[in-house]
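Heavy atoms only: backbone and side chains are in, while hydrogens, waters and symmetry mates are out. Lettering of chains follows the sequences in order, A, B, ..., and the numbering in each one begins at 1.
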Amino acid sequence: MRAKGLIYIKRCMVLFSVAAIVMTLTPALANAEYPEKPVTYIISFNPGGESDVTARLQESQLEKFLGQSVNVTHKPGGGGAVAWSDFQRTAKPDGYTVIGVNIPHIIGQPMLRKDAGYETDGFDLIMWFHFTPNALIVKKDSPYQTLEDFLKYAKENPKAATVGGSGSFSANHLETLRLEKAAEVEVTYVPHTGTGPLVPALLGGHITAAMGYSMLGVQYKDQVRVLGVAADERIETLPDAPTFKELGYDIVGGAFRGVAAPKGTDPQIISKLAEAFSETNKIIAEKQRQLGFVMTYATGEDAPALVDRMKKNYEGILQEIAAKKKKK
Amino acid sequence: MIKNANSDLWAGCIGLALSVAFWFSIDEEIMRLSIMFPKAMIAIMALISILLLVKGILKAERQDLFNVGSNRRVLITALLFFVWGVAISYLGFFVSSVLAILAQAWYLALARRKVTLPTLALWLVVAAGEVAFFYFIFTRLLHVPLPKGILI
Amino acid sequence: MEKLVLALGALANPVVILIIFSGVSAGLFVGAMPGLTATMALAVLLPFTFTLPPLLGLVALGAVYMGAIYGGSFAAILVNTPGTPSSIASAFEGYPLSRQGRALEAISVATIASAIGGIAGVLFLLFLSPPLARLSLRFGPSEYFWVAILGLTLIASLSEGSLLKGLLGGTIGMMLGTMGVAPIGGETRFTFGMPVMQGGVEMIVALIGLFVLPELYNMAALGRASLGEVTVSSREKASFWRVVKRVLSQPGNLIRSCIIGEIVAIIPGAGGNIANLVAYNEAKRASKHPERFGSGVIEGLVASESSNNVTVAGSMVPLLTLGIPGAPPDAVILGVLLLHGLRPGIELFTTSGVLTYAFIISMGLAALAMVPVGLIGGRLIYRIIFRTPYYFLVPTIGLATILGTFALRNSFSDVIIMLILGTAGYLLKQIGINPPPIVLGLILGGIAEVGYVQSTLGGAAYRFPVLRLFENPLSWILIGMVLFSAAWPYLAALYRRLRSPGVSKGDDP
């Protein structure tokens, strides 16, 4: 009897130690490949969109410059707000987590939503790497050949012209509002849940025009006509599209995309990341330009400065919206 | 086990309670665009709930609730799941999963067989192996960072 | 024509075949795990495709996609949980079949049906793209709204038991879907003071919670697993040729389901999630014995699994011709195309024609590859699950679902939401409010809302903006279908009463 008991105990001990070894080794083995840690790059939108495509292009280049692998992960929801609020709440400022950020989203959302869950200034910005200007686009067989044609229609038929765009209080939306003000017309803005759904709506004739990004005009060159671009100069891949400025409306705007780290990250880490992203930007510039992106290189102090500049740009419109909401 | 319960009445009450909860959590400042659809839905939900209450009073469909097997086992299993879920962020994914699997397997097995210490030890190894398998797939193959608490 | 031949040539390469088989297997695994979706699998695969030449990358993605949509049926059949939302209806018949000890038969049926559906989708894509693409553009906000309402009328036939409770479940699902950020308007609602709720309830999280957890609790309550042992006669019936004959013996069902799958596929944003439910419903309606559905009717399983695989290639019609993703995984494929400088449109079929045709055909091959992979894998999985004692099955499935839920959005709170919903789902089930209507409401609520709001915005200049919903001819057709579908239970009862007067079997709709 006693012997059997001893054997049982021995067996247990062996099994327990095996378990303990497996439990400790596994994580160690999992990490053994990386002498230091890989970096997590969070995208606050669904895969397939502009932010995602860019991140994928950047991913492989960044690994060369940083010497570590970069893992792109997605955390969609709330127009970006879910990822941004979670980031500001939980991300550790150790340089191993960064997140993609967008203007004007991070300006507009905290300003207009009662509780966006995050603050515009709650990030340590690393860099703004590109800009996609807004563009007013119509179907190729639409009766409106120029911006003026469209505005004439809008003026004579208030609210009848429908302009689709991605999101509410987004770059597309705010630009439409600014155009309305500048041209003194009234259109109906129809929000869509992203640039994706905007395309069939436009091509299927369900909206009169779309205020989307330049990338759309380039991608669907054969099926659409760009009436105006909200940039300082004409986009090289859209040589026939006039800028709003040329046509007399001083409207420049679009979405800036960039990357940020949690507040309080070591400035040295930030500049290393900024350098990596800048170099990456130069390499992927050609591919991105072909898709209609405009590259920017706002690092260091230029980054928050850009945010302030855009804040001022949009201030008027945003305050009007805020006031209208309170009146209700 | 709740015998001979008026399930229509229960359903109607729950529906009504939800309608009320949703309705009164609507922010007064919210724009019409964002809320017109949900408001219509809440109204429809309330209507259906009232119809259920009426049916419950007039032509009740009575049934026995919670009459399948051991409710205590369900409760404990549910509890263990929640503890597991919460433990992940404190103890880390690996440790909490192994412990949770062990705990659930042990508790549920008690209903069917005797569990001796060596068996338990074997299960510990199996659980660790399982979790390790999934851990590798998710962190190495799919690049999904799993939550690390104090431990792994 | 010559392009097709050249395309076939490009595919006659052992590397391609290897990629197809491994892609299908990987997709199968992903699809079978509740919580891992096809989109996720593709998103993960994406970086690897950068290093591959365009054709191989696309072939890999197509194979994984095809395998994943098929794989969802495994979990649906064996554990009553759809592995992907495209297999929700497969559980309705598949699971009862397993309980009766006919699991292998069910798996074989699902395999053949999926393969046929996959090939059908490829054929649609190859030969009918242009007219289908034009049709897909005609769907505007009003049409989306009515399609969603049409989907909701399914609740009527899917709610076994009380219609009122089914509808209540549907509205609960819709309200769950409204939590978070409004799709139009962008403001947050129903967060009940928790900023984490801004992200709302993700559909997959609810799907897993509402289907898996009650099943696990059920096993716990009973103290045993519900998987019945496969009987000898059933094993015989599960043999390859017998299953093929069985599936092909009802061609009407098969053809109808494939067509439904294709129509739904070309509506951007709909996809497999909805296709399987509509096809199932139609199969039930067309059957001589609709009341048998829910107890293990092969036709229902065939309808569900064939229609959802049609959507794999089917939803690429708008993608390849217009650049519009027909379903979420297509967005990833679009990304790959753009990355390699391939622009959707005529160019894709002329200049890069060989590549495109090769890609499309490779998906057909993937569908074929599913048969051996699925039959072998299916038996393997069945054996593993059957041999596993229930007290290990519960926590292991729990592990897989917790992982899958977390991996979805890297969100720990999603896991908690899943657990809460699942437990609530179990309680609701007790009083007769079942998961399918709730999930249906969740899926369709968003589509209905976006369609409704956008449509009425489009009518901003009218006196009654709502009238915009009734403007287009396509809307009229859909409205007609809605009325027909909603009235069906009553019409059917009337029809039966007229046919056999005196036999007063009143159906409670």
What parts of residues 207-214 of chain A touch chain C if we use heavy atoms and a cut-off under 4.5 Å? none

Under a 4.5 Å cut-off applied to non-hydrogen side-chain atoms, are A:His206 and C:Gln454 in contact? no

Side chain, backbone, both or neither: which part of A:Asp222 has an atom under 4.5 Å from a heavy atom of chain C? side chain

In terms of heavy-atom proximity below 4.5 Å to chain A, should C:Glu471 be classed as side chain, backbone, both, or neither? neither

Is it the case that more than 12 heavy atoms not belonging to A:Lys152 sit under 6.0 Å from its NZ atom? no

Given heavy-atom pairs under 4.5 angstrom as the criterion, report whether the side chain, backbone, both or neither of A:Ala201 touches chain C. neither

For A:Val190, which of C:Leu457, C:Thr456, C:Val453 qualifies under side chain to side chain contact (heavy atoms under 4.5 Å, CB included)? C:Leu457

With a 4.5 angstrom heavy-atom cut-off, is it the side chain or the backbone of A:Tyr220 that approaches chain C, or both, or neither? both

Side chains of A:Asp86 and C:Ser413: closer than 4.5 Å at any heavy-atom pair? no

A:His192 portion near chain C, given a 4.5 angstrom heavy-atom threshold: both

Contact class of A:Val187 relative to chain C, heavy atoms under 4.5 angstrom: neither

